[in-house]
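Numbers restart at 1 for each chain; the letters A, B, ... are given by sequence-line order, proteins then strands.
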2 protein chains.
Amino acid sequence: MNKALELSAQIEQRILAGEWLPGDRLPSQVHLMADFGVARTTVRESLSQLQSRGVLRSQHGSGTYVNNLFESVFLPPLNQLPLHDSHTQLAVLEMRQVLEGEAAYHACQRASDVELQGISDEYQCMLQRPGKMPVIERSKADLKFHMLIAQASHNLIVASLSQLLYSKMFNTIFAARSGGLLEQPTYSEAVHSQHLRIHEALMNRDALEAKQAAEDHARHTAQMLRQQLQS
Amino acid sequence: MNKALELSAQIEQRILAGEWLPGDRLPSQVHLMADFGVARTTVRESLSQLQSRGVLRSQHGSGTYVNNLFESVFLPPLNQLPLHDSHTQLAVLEMRQVLEGEAAYHACQRASDVELQGISDEYQCMLQRPGKMPVIERSKADLKFHMLIAQASHNLIVASLSQLLYSKMFNTIFAARSGGLLEQPTYSEAVHSQHLRIHEALMNRDALEAKQAAEDHARHTAQMLRQQLQS
DNA sequence: ACCACATAATTGGTCAGATGACTTTACTGC
DNA sequence: GCAGTAAAGTCATCTGACCAATTATGTGGT
């Protein structure tokens, strides 16, 4: 077996195992070269192979990143999806509900301590500045909190799909409602306690409770969006 | 423009111009390197590109040859995901579990009477010839049954993802286990009653029951595949 | 707080060379 | 003439090195 091929296989293996997730930046070529004990040319050859297969994407001067699983499979038709269509929005909300539950469930089972710590940090960050935080920042932190959980599930499909739904669709839906939702006090209160519950369950690695909490949270969010949708 | 890209273009140009014909042997890498005034690495990069596009074919120790034009047309579609990877299989199985439940749940709520009838027909079809049906036919009917439910959920994402997982992944996983599973009597019995339960719940439009039944069924299937995977 | 600039980190591209493996060809001995 | 062998030609793979292009980051001044 080639060294380049072997390296490709190892990298792919780590991606499939959920060690390197979609969006993650791989170690630099120099780092990989040291890690695997090969020349940089060989590393480049390897990365080139994976790029041509759509697994990776290199950005000059920045790094090499893991692609989303569904980037190639799903995107062309998804791009043309009418996000303003209420049926589509409903579908996304329903899917999100399932995904959040599943992500939380498996995160409890498979997240590393470091990952749990990262989730907890993000949670603390959300708490710290309750009122001062600008709406957009608040929203971003919220999103990151959920994405971290999805990543910690170590299920490549769950992570990829969550990423896809969040980055491409959920933002759009939120944006369409122009922030009115995020400022409502009921949001802060209810969502706050829901996040607390999710966080608690995750820290205790209580998978079933985490799943339930995440589903409830998603259901609540969906409910609020539906109301806005009707009004 | 790259030197490698430029060389690729020049070589392709000569082929298109009829200078180098299908079957012809190209000048050796050392020769090309001298001809075009580039390093051998660059020549190899160039040839590698053209090979990946099916234009050329290299034969170790002999030379590099021009392919027939139509060779590339019949090239096998590249398989994105290594479905033989156990992590991927686990991820798919987990996702399937969730999807089946969700599909059944929403099918109860949103399927038209005609769609329900179609599902029922397919179910009856599975029942009719219990022993006589060839394994492959049986498997196809089973797949169609689940796909119809996914479609009846009227959730575009659920339907699309189900289709994707089934067509691209689940078949492969099943095929890899070479049918041993489908012939086991325990499969027939247990799966039979599970299908019955799903069908029943769907006909009654009992969403929660249908979801539970579908999840149990998927869990059962996943469990059996996991056993096979370990053995 | 904001902006411009320098610096570091990273990928892109190229080169020259070394070794190994395989194929073809030519030669040698019979 | 033939079989076996040696030699040459060729591709495969890997290494180490160099510089350019791009991006990220920190620094300092305003």
Side-chain angles (χ1 to χ4, degrees), chain A residues 1-12 14-15 20-68 71 128-129 131-138 140 144, chain B residues 1-12 14-15 19-67 71:
Chain A
M1 167 96 75
N2 260 356
K3 285 200 180 180
L5 267 178
E6 189 161 348
L7 180 50
S8 292
Q10 294 230 17
I11 291 174
E12 199 173 5
R14 296 201 183 182
I15 293 174
W20 292 332
L21 290 159
D24 281 358
R25 202 184 75 179
L26 258 61
S28 76
Q29 295 180 353
V30 177
H31 208 116
L32 286 176
M33 160 185 138
D35 272 6
F36 290 89
V38 294
R40 191 160 155 251
T41 311
T42 309
V43 173
R44 279 173 54 72
E45 162 75 13
S46 222
L47 297 183
S48 171
Q49 289 172 8
L50 291 172
Q51 265 184 84
S52 72
R53 288 176 41 204
V55 178
L56 300 178
R57 151 184 42 98
S58 280
Q59 204 167 332
H60 194 165
S62 172
T64 304
Y65 300 84
V66 180
N67 267 340
N68 190 296
E71 206 112 21
Q128 274 187 355
R129 297 161 287 176
K132 293 182 179 179
M133 221 172 191
V135 173
I136 182 69
E137 285 301 319
R138 169 67 194 242
K140 274 187 184 173
K144 191 172 179 191
Chain B
M1 167 96 73
N2 260 356
K3 286 201 180 180
L5 268 178
E6 190 163 346
L7 180 50
S8 292
Q10 294 228 19
I11 291 176
E12 199 174 6
R14 295 200 185 181
I15 293 174
E19 189 169 340
W20 293 330
L21 290 164
D24 281 357
R25 199 185 76 177
L26 257 61
S28 76
Q29 295 180 351
V30 178
H31 208 116
L32 286 175
M33 159 182 138
D35 272 6
F36 290 89
V38 293
R40 191 151 160 265
T41 312
T42 310
V43 172
R44 281 177 51 70
E45 162 76 11
S46 220
L47 297 183
S48 171
Q49 287 172 10
L50 291 171
Q51 267 184 81
S52 72
R53 287 175 42 202
V55 178
L56 300 178
R57 153 183 40 100
S58 280
Q59 203 166 332
H60 194 162
S62 171
T64 304
Y65 300 85
V66 180
N67 265 341
E71 209 113 11

Measure the OG1-CG distance between A:T42 and A:L5 for me, rounded to the nearest 0.5 Å.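 Between A:T42 OG1 and A:L5 CG, I get 11.5 Å after rounding to 0.5 Å.
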
Side-chain N or O of [X] versus OP1/OP2 of [N]: is the shortest distance under 4.0 Å?
X     : N      : answer
A:T42 : D:dT15 : yes
B:R40 : C:dG17 : no
A:Q29 : C:dA9  : no
A:K3  : D:dT15 : yes
B:R44 : D:dC14 : no

Send over the distance from [X] [atom1] to [N] [atom2], rounded to a whole Å.
X     : N      : atom1 : atom2 : result
A:H31 : C:dA9  : NE2   : C1'   : 13 Å
A:L47 : C:dT11 : CG    : P     : 8 Å
A:Q49 : D:dA12 : CD    : C1'   : 13 Å
A:F36 : D:dT15 : CZ    : C1'   : 18 Å
B:E45 : D:dC11 : CD    : C1'   : 16 Å
B:R57 : C:dC22 : CZ    : C1'   : 16 Å
A:R25 : C:dT11 : CZ    : C1'   : 11 Å
A:E6  : D:dC14 : CD    : C1'   : 14 Å

Are B:Q59 and B:R25 packed together at the side-chain level, in the sense that at least one heavy-atom pair is separated by less than 4.5 angstrom?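 No - every pair of side-chain heavy atoms lies 4.5 Å or more apart.
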
Do B:V43 and B:F36 have side-chain heavy atoms sitting under 4.5 Å apart?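 Sidechains of B:F36 and B:V43: no contact.
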
Apply salt bridge (charged side-chain N to carboxylate O under 4.0 Å, His left out) to B:E45 and list each qualifying residue two or more places apart in sequence or on a separate chain.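 With sequence neighbours excluded, B:E45 shows a salt bridge (charged side-chain N to carboxylate O under 4.0 Å, His left out) to no residue whatsoever.
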
Salt bridge (charged side-chain N to carboxylate O under 4.0 Å, His left out) partners of A:R14, counting only residues at least two apart: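 Applying salt bridge (charged side-chain N to carboxylate O under 4.0 Å, His left out) to A:R14 gives A:E19.
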
Looking at D:dG16, does its base get a donor-acceptor pair with the side chain of A:T41 below 3.5 Å? yes

Per B:V38 side chain, nearest of listed nucleotides C:dG12, D:dA12, C:dC15: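 So the side chain of B:V38 is nearest to C:dC15.
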
Can you figure out which of D:dT13, C:dG13, C:dT10 approaches the side chain of A:S28 most closely?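 From the listed options, C:dT10 comes nearest.
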
So which protein N/O to nucleotides 23-27 of chain C N/O distances come out below 3.5 Å?
from, atom 1, to, atom 2, distance (Å)
C:dT23, O4', B:G61, O, 3.2

Would you mind telling me which residue lines up with the more 5' stretch of DNA chain D, A:A39 or B:V30, judged by nearest nucleotide?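 Closer to the 5' end of DNA chain D: B:V30.
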
Intermediate values then yes/no, side-chain hydrogen bond (donor to acceptor under 3.5 Å, both in side chains), B:S58 and B:Q51: CA-CA 8 Å; B:S58 280; B:Q51 267 184 81; 3.2 Å; yes

Which is it for B:L47 and B:L56 under the side chain to side chain contact (heavy atoms under 4.5 Å, CB included) test, yes or no, and what are the steps along the way? CA-CA 7 Å; B:L47 297 183; B:L56 300 178; 3.6 Å; yes

